[in-house]
Structures are given as C-alpha cells and as structure tokens.
Amino acid sequence: MQKVPMQEKVLSENDRVASELRERFRHHGILCLNLISSPGSGKTTLLERTLERFSRDVRVAVLTGDIQTENDANRLRRFGFPTKQITTGGTCHLDARMIERHLADWDLSQLDVLLIENVGNLVCPSSYDLGEMAKVVLLSVTEGEDKPLKYPSIFFKSALCVITKIDLLPHVPFDLSAAVENARKVHPGMEIIKVSCLTRTGLREWLNWLDEKRYEIRGQESQTLVRD
Ligand SMILES: Nc1nc2c(ncn2[C@@H]2O[C@H](COP(=O)(O)OP(=O)(O)OP(=O)(O)O)[C@@H](O)[C@H]2O)c(=O)[nH]1
Ligand SMILES: [Mg+2]
C-alpha cells in the first residue's frame, strides 16, 4: 500500500473544501479576499479604514482569525456589518473547514463581499486555500524590505501586496524601492499599493482595487463599494 504523508492528505482535503467554497462564492457572485501578513502589520486597521468607507447598502461580511481573543472582531463589528471571530486555539492559520463552519448560518445569496483576515503569520496561511478569489499580502515598513525574498511563497501567491504604515517611513530605515523590487523579483508584475491607515494615504487606490475586483466578478452589475 502506498503511504501518503499526513500533511499532503490534510492539504488535499483542504483543497477539496476550498474548491466547494470557491464554487459557492462564484455562484453567488461574492468577492472573497484572504488578507495575510505577519502579526501586527495592520490587517485589522486596513479593514477598519475600509469598512468605514463602504456604502451601507454593500452587503459585506468579515471573518477574522486569531489564535486567541475576540479583539479584532470587536474592533470590526463597530462598523455594523456581520462579523465573526474565528479563534483557532493554537493553529497558526485558517483552513477551508473553519471558513465553511463559520459561514453555515449566513445566507450567501445575501452577500456581495467576504473579507477574511487570516491569523498573523507569513508562512502557514500561504499553504491553505480558503476558496478566496485572491490573496492579499500586507508588508509593513517596520518589517524590513527583504521579507518578500525570505517568505516568497505568500508573495508569489498573492495578487496584491499592500505596503502598510508608510507614514513611518521617515522614522525607519526601510528601502521602499528595494521592497517593491524584491516583491516583483518573486512575483513579476505583482500589483503593489502603498498605504498609511494613519494619514489615509493610498486608501483610495486600495478601494479602487476592490472595486476593480468586484467588477471582474459582477461586470456591469457591480456598483461601487465606496460611499462618496
Ligand atoms: N503608524 C501606523 N500604525 C499603524 C498603521 N496601521 C496599523 N497601525 C498600528 O499597528 C498596530 C497593529 O495593527 P493591527 O491592525 O492590529 O495589525 P494586525 O495585522 O491586524 O495584527 P494581528 O491581527 O495581531 O496579526 C496597531 O497598533 C495599529 O494602530 C499605519 O498605517 N500607521
Ligand atoms: Mg488583526
């Protein structure tokens, strides 16, 4: 009998559930994004700045993953959209089953956008497909411009890199052009947006990117996500 290593088995089961989720998202025309970064790079803050700009009639829901605490869900619930915390209790990434379980009592036909914040980690989340349309990797300017070279998998698999906390550039020795070059070495042509959630620089570009992705799914039907 041929032995299949345990990790391969887990990943292929995950891929199966993720494909089912992707098909359900496709069927309902839902834009699903998986936000990934090191702990503290600014995922929840970017989501806060995003949700506060969304029109009230955008049907958006948020799943946010952490090893412990409801802190991020509590921060994000303030914007009035359905939000659930996924507490993994030690696991360093979300997997497709966790997403499936937490979606069970949400009516997907009533949803336009599903934003998933993964557990803070640049390694493990890159191996687990959640059925998303795209992964978005965040890299803050306090982490060092070499991160795309050290953690290539997540930069290779992400459609977009958001370089965060650019308001701190005057205070840290972070070479922005080297960071961009490194990301594009790993992922030629990668889209990159530079953002500060403090000064709100670059947020418009990020929101436009979300609108473009939604247009790719909904075409002419898609209305802008952002209120004026
Ligand atoms: N200066 C500055 N600080 C920021 C910015 N965005 C986030 N922060 C700060 O960075 C810290 C971490 O931000 P979070 O949004 O909680 O980071 P996270 O990626 O969600 O963290 P985990 O969920 O723990 O992985 C907080 O103290 C934020 O206020 C920014 O654009 N500029
Ligand atoms: Mg967070």
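Note: hydrogens, waters and symmetry copies are ignored here, and every other heavy atom, side chains too, is used. Every number for a ligand or one of its atoms is a count from 1 in the order of the listing.
Arg184 and Glu191 are not joined by a salt bridge, as no carboxylate oxygen comes within less than 4.0 angstrom of a charged side-chain nitrogen. The pair Arg75-Asp72 meets the salt-bridge criterion, since a charged nitrogen lies less than 4.0 angstrom from a carboxylate oxygen. Of the charged side-chain nitrogens involved, at least one lies within less than 4.0 Å of a carboxylate oxygen, so that Glu132 and Lys135 count as a salt-bridged pair. A salt bridge links Arg218 to Asp112: one of the charged nitrogens lies within less than 4.0 Å of a carboxylate oxygen. The existence of a salt bridge linking Lys194 and Asp167 is excluded, since no basic side-chain nitrogen approaches an acidic carboxylate oxygen closer than 4.0 Å.
If you look at Leu168 next to ligand 1, the close heavy atoms, those under 4.0 Å, all belong to the side chain. Residue-level proximity to ligand 1 for Asp72 is carried by the side chain, the only part with a heavy atom below 4.0 angstrom.
Of the possible donor and acceptor atoms, none in the side chain of Arg49 sits under 3.5 Å from a partner among the backbone N and O of Leu46. For the pair Asp146 (side chain) and Leu149 (backbone), a donor-acceptor distance under 3.5 Å is absent.
Taking a cut-off of 2.8 Å, the protein N, O or S atoms nearer than that to the Mg ion (ligand 2) are Thr44 OG1, Asp72 OD2, Glu117 OE2.
When hydrogens are left out, the protein atom nearest atom 8 (N) of ligand 1 is Lys165 CE, 3.7 Å; that is the closest non-hydrogen contact. Regarding atom 31 (O) of ligand 1, its nearest protein heavy-atom neighbour is Cys197 N, 2.7 Å. Atom 24 (O) of ligand 1 has as its closest protein heavy atom Gly40 N, 3.9 Å. Distance from atom 7 (C) of ligand 1 to its nearest protein heavy atom, with residue and atom name: Thr45 OG1, 3.3 Å. Of all protein heavy atoms, the one lying nearest to atom 19 (O) of ligand 1 is Lys43 NZ, 2.8 Å. For atom 16 (O) of ligand 1, the closest non-hydrogen atom of the protein is Arg75 NH1, 2.9 Å.
When each atom of ligand 1 is checked for a heavy atom of Pro39 under 4.0 Å away, the hits are 25 (O). The ligand atoms of ligand 1 that sit less than 4.0 angstrom from a heavy atom of Ser196 are 31 (O). Counting the atoms of ligand 1 from 1 in the order shown, those under 4.0 Å from a heavy atom of Gly120 are 25 (O).
Taking any N or O of Gly42, backbone or side chain, at least one lies under 3.5 Å from an N or O belonging to ligand 1. Considering backbone and side-chain atoms alike, Glu117 places an N or O below 3.5 Å from some N or O of ligand 1. Residue-to-ligand polar distances keep Ile166 apart from ligand 1: every N/O pair is separated by 3.5 Å or more.
Annotation: the span from Phe155 atom CZ to Leu139 atom CG amounts to 4.5 Å, rounded to 0.5 Å. Distance CZ/Arg78 to CG/Leu51: 10.0 Å, rounded to 0.5 Å. Here the straight-line distance linking atom CG of Asn14 with atom CE of Met98 works out to 9.0 Å at 0.5 Å rounding.
With hydrogens and angles left out, the side-chain atoms of Thr44 and Glu117 include a donor and acceptor closer than 3.5 Å.
Checked against ring pair (Phe, Tyr, Trp, His ring centres under 6.0 Å), His102 has no partners two or more places apart in sequence or in another chain. Residues forming a salt bridge (charged side-chain N to carboxylate O under 4.0 Å, His left out) with Arg16 (at least two apart in sequence, or on another chain): Glu13, Glu20.
The shell of residues lying under 4.0 angstrom from ligand 1, judged by heavy atoms, excludes Glu48. At least one heavy atom of Asp167 sits less than 4.0 Å from an atom of ligand 1.
There is no protein heavy atom closer than 4.0 angstrom to atom 26 (C) of ligand 1.
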Throw together a table of side-chain donor-acceptor distances under 3.5 angstrom for residues 158-166, partners on residues two or more places apart or in other chains.
| from | atom 1 | to | atom 2 | distance (Å) |
| --- | --- | --- | --- | --- |
| Ser158 | OG | Ile154 | O | 2.7 |
| Thr164 | OG1 | Ser41 | O | 2.7 |
| Lys165 | NZ | Gly40 | O | 2.7 |

